[in-house]
Amino acid sequence: MSTADLKRRPATAEAAPARTRRPARPSRPAGRRPNVLGTAVLFVLSAYFLLPAWWLLVASTKSSSDLFGSDGFWFSAFHLGDNLQELATANGGLYFRWLLNTVLYAGVGAAVATLLSAMAGYALTKYRFRGREAVFNTILAAVLVPAPLLALPVYLLLSEAHLVNTVWAVLLPSMISPFGVYLSRIYAAASVPDEILEAARMDGAGEFRIFFTVVLRIFSPALVTVFLFQFTTIWNNFFLPLVTLSDQKLWPVNLGLYYWNGLKDHTPYNLVVTGSLVSVVPLVVAFLLLQRFWRTDLTAGGVKA
C-alpha cells in the first residue's frame with residue numbers, strides 16, 4: 001500500500017456522513033395520564049351524595065299536595081316564599097325559637113369543648129405526670145362509646161343536680177369531646193416544638209400565657225377541626241334533648257321537626273321539608289367561614305435546625 005493511499009483513507013472517513021438518531025418522543029408522565037375510570041367513579045359518587053340535597057332543595061319549593069303529586073326531583077309550582085312565611089308564623093314562630101336554641105347549644109357547647117380539648121391535649125402531650133397514659137387511654141376508650149349509651153346515665157346525673165328540662169341539660173354534656181382531646185394531643189405532639197415553649201419560658205412567660213398566646217395560634221387548624229366536628233355533632237344531637245327536655249320552647253330544631261312530622265291529625269310536610277332546608281344553612285355557613293383557617297406548616301421556619 002502506497003503512502004498516497006494511506007493519506008487518502010482518513011479523508012474518505014471524514015467525508016462519510018455520520019448517522020444521526022431520531023430524537024425520542026417525550027413520554028407523558030404517568031401521573032398526568034387521564035384516569036377515566038376514576039373520574040367516572042368520583043362523578044357517580046358525587047351525584048349519589050348530592051342527590052338528597054337536590055331533592056331537599058326541590059321539595060322545599062313545593063306545597064304539601066305537590067310533594068306527593070309531582071316529580072320528586074324536579075320543580076313544579078314555586079311555593080318557597082309561602083313555605084318560609086308559613087314556617088315563620090307556625091305555632092307562634094316556634095320554629096325560629098328552635099333554631100336559635102340549636103345555635104346556642106351548638107355554638108356555646110362547641111366553643112367550650114374546643115377550648116377544653118385543646119388544653120387537655122396540650123397538657124397530655126407537653127407535661128409529664130403520673131398516670132398520664134392511663135388518663136389518655138380512658139379518654140380514648142370514651143371515643144369508642146356510642147353517645148346514645150350515655151344518655152340515660154347523663155339524665156340521672158342531671159336529675160340529681162335538678163338540671164333536667166333546662167338549657168344546661170344539653171349544654172353541659174356538649175362541652176365534653178373525647179375525640180377533640182385525642183385530636184388535640186396528636187396535633188400538639190406533631191406541631192408544637194419544645195424549643196418554642198422553652199424560649200417563651202426563658203423570656204419569663206407563664207404557662208397560661210404561653211398557651212393562650214403561642215400554643216393557640218399554632219393550634220388554629222386543629223381548633224377549627226374540633227369546633228366543626230363538635231358543632232355538627234351537637235347540631236345533629238337528637239336523643240339527649242329527647243330524653244332531657246320536655247318544654248317545647250327549649251327544643252332544638254331537629255326535635256321540633258320530628259314533633260311536626262309525627263303529628264297524626266295534620267302533618268305539615270311542606271314545613272318539615274322547608275325547615276330541614278333552613279336548618280342546613282348554618283352548617284354550610286359555618287364551614288365556608290372557617291375553612292380558610294385550615295392551614296398547615298404554621299411553625300415552618302420558627303425553629304432553626
Side-chain angles (χ1 to χ4, degrees), residues 105 108-163 168-234 237 240 244 293-305:
Y105 298 148
V108 176
V112 176
T114 302
L115 179 60
L116 295 178
S117 298
M119 297 176 71
Y122 170 73
L124 288 171
T125 304
K126 299 301 179 181
Y127 296 104
R128 297 187 179 276
F129 53 89
R130 182 178 298 177
R132 184 179 68 168
E133 293 302 321
V135 172
F136 179 70
N137 291 333
T138 303
I139 295 173
L140 193 60
V143 177
L144 305 177
V145 178
L149 293 180
L150 301 176
L152 183 58
V154 169
Y155 173 80
L156 295 177
L157 291 174
L158 294 172
S159 178
E160 290 293 329
H162 304 287
L163 294 177
W168 298 106
V170 179
L171 274 178
L172 288 179
S174 301
M175 293 177 181
I176 301 173
S177 175
F179 177 74
V181 177
Y182 168 75
L183 184 62
S184 297
R185 184 186 180 183
I186 298 301
Y187 192 86
S191 302
V192 181
D194 294 333
E195 290 83 354
I196 290 181
L197 303 180
E198 292 299 328
R201 293 188 182 108
M202 290 178 64
D203 289 340
E207 296 300 323
F208 280 99
R209 184 179 178 184
I210 293 174
F211 177 78
F212 285 103
T213 60
V214 178
V215 176
L216 285 185
R217 295 192 179 187
I218 302 174
F219 255 49
S220 57
L223 294 178
V224 172
T225 304
V226 173
F227 180 85
L228 284 178
F229 269 106
Q230 190 68 5
F231 187 88
T232 306
T233 301
I234 301 171
N237 193 5
L240 180 64
T244 58
F293 293 99
W294 275 324
R295 298 189 183 99
T296 56
D297 296 333
L298 294 178
T299 58
V303 180
K304 292 184 180 180

Stacked cation flag Arg185 on Phe136, 6.0 angstrom / 45 deg: yes
Would you mind reporting whether Leu116 and Ile176 have side-chain heavy atoms less than 4.5 Å apart? no
Counting heavy atoms not belonging to Arg209, are there more than 12 under 6.0 Å from its CZ? no
Are any of the side-chain heavy atoms of Leu197 and Val215 separated by less than 4.5 Å? yes
Start with the C-alpha distance between Leu115 and Leu223, add both sets of side-chain angles, then the distance that settles side-chain contact (heavy atoms from CB on, under 4.5 Å), and finish with yes or no. CA-CA 8 Å; Leu115 179 60; Leu223 294 178; over 6 Å; no
Measuring from atom CD of Gln230 to atom OG1 of Thr114, what distance do you get when rounded to the nearest 0.5 angstrom? 7.0 Å
Shortest non-hydrogen contact between Thr138 and Ala134, atoms and distance: OG1-O, 2.8 Å
Just verifying a value: how many Å separate Tyr122 OH and Ile210 CD1, rounded to the nearest 0.5 Å? 6.0 Å
Treating Ser191 as the side-chain partner and Ala188 as the backbone partner, does any N or O pair qualify as donor plus acceptor under 3.5 Å? no
Min side-chain heavy-atom separation Val192-Val214 under 4.5 Å: no
Give me the atom names and distance for the closest heavy-atom approach of Ala123 to Phe129. O-CE2, 3.9 Å
Do Ser117 and Leu183 have side-chain heavy atoms sitting under 4.5 Å apart? no
Rounded to the nearest 0.5 angstrom, the OH-CG distance for Tyr105 and Leu240 is 10.0 Å
Could you pull out the closest heavy-atom pair between Tyr187 and Pro221, with the gap in Å? OH-CG, 3.4 Å
Look at the rings of Phe179 and Tyr182 and say which category their plane angle falls in: under 30° parallel, 30 to 60° tilted, over 60° perpendicular. tilted
How close do Gly109 and Leu171 get, counting heavy atoms only, and between which atoms? N-CD2, 4.0 Å
Start with the C-alpha gap between Val226 and Phe231, add the side-chain angles, then the distance that decides, and say whether side-chain contact (heavy atoms from CB on, under 4.5 Å) holds. CA-CA 8 Å; Val226 173; Phe231 187 88; over 6 Å; no
Under-4.0 Å salt bridge between Glu198 and Lys126: no
Please round to the nearest 0.5 Å and tell me the distance separating atom OG1 of Thr232 and atom CZ of Phe227. 9.0 Å
Closest heavy-atom pair and its distance - Met175, Val108: CE-CG1, 4.4 Å
Between the CG atom in Leu163 and the OG1 atom in Thr244, the distance rounded to the nearest 0.5 Å is 10.5 Å
Has the side chain of Asn137 got a donor or acceptor atom that lies under 3.5 Å from a matching backbone atom of Glu133? yes
For Glu207 and Tyr127, what are the C-alpha separation, side-chain angles and deciding distance, and is it a side-chain contact (heavy atoms from CB on, under 4.5 Å)? CA-CA 11 Å; Glu207 296 300 323; Tyr127 296 104; 2.4 Å; yes
Within 6.0 Å of CZ in Phe208, more than 12 heavy atoms from elsewhere: no
Give, for atom CD1 of Ile234 and atom OG of Ser174, the distance between the pair rounded to the nearest 0.5 Å. 4.0 Å
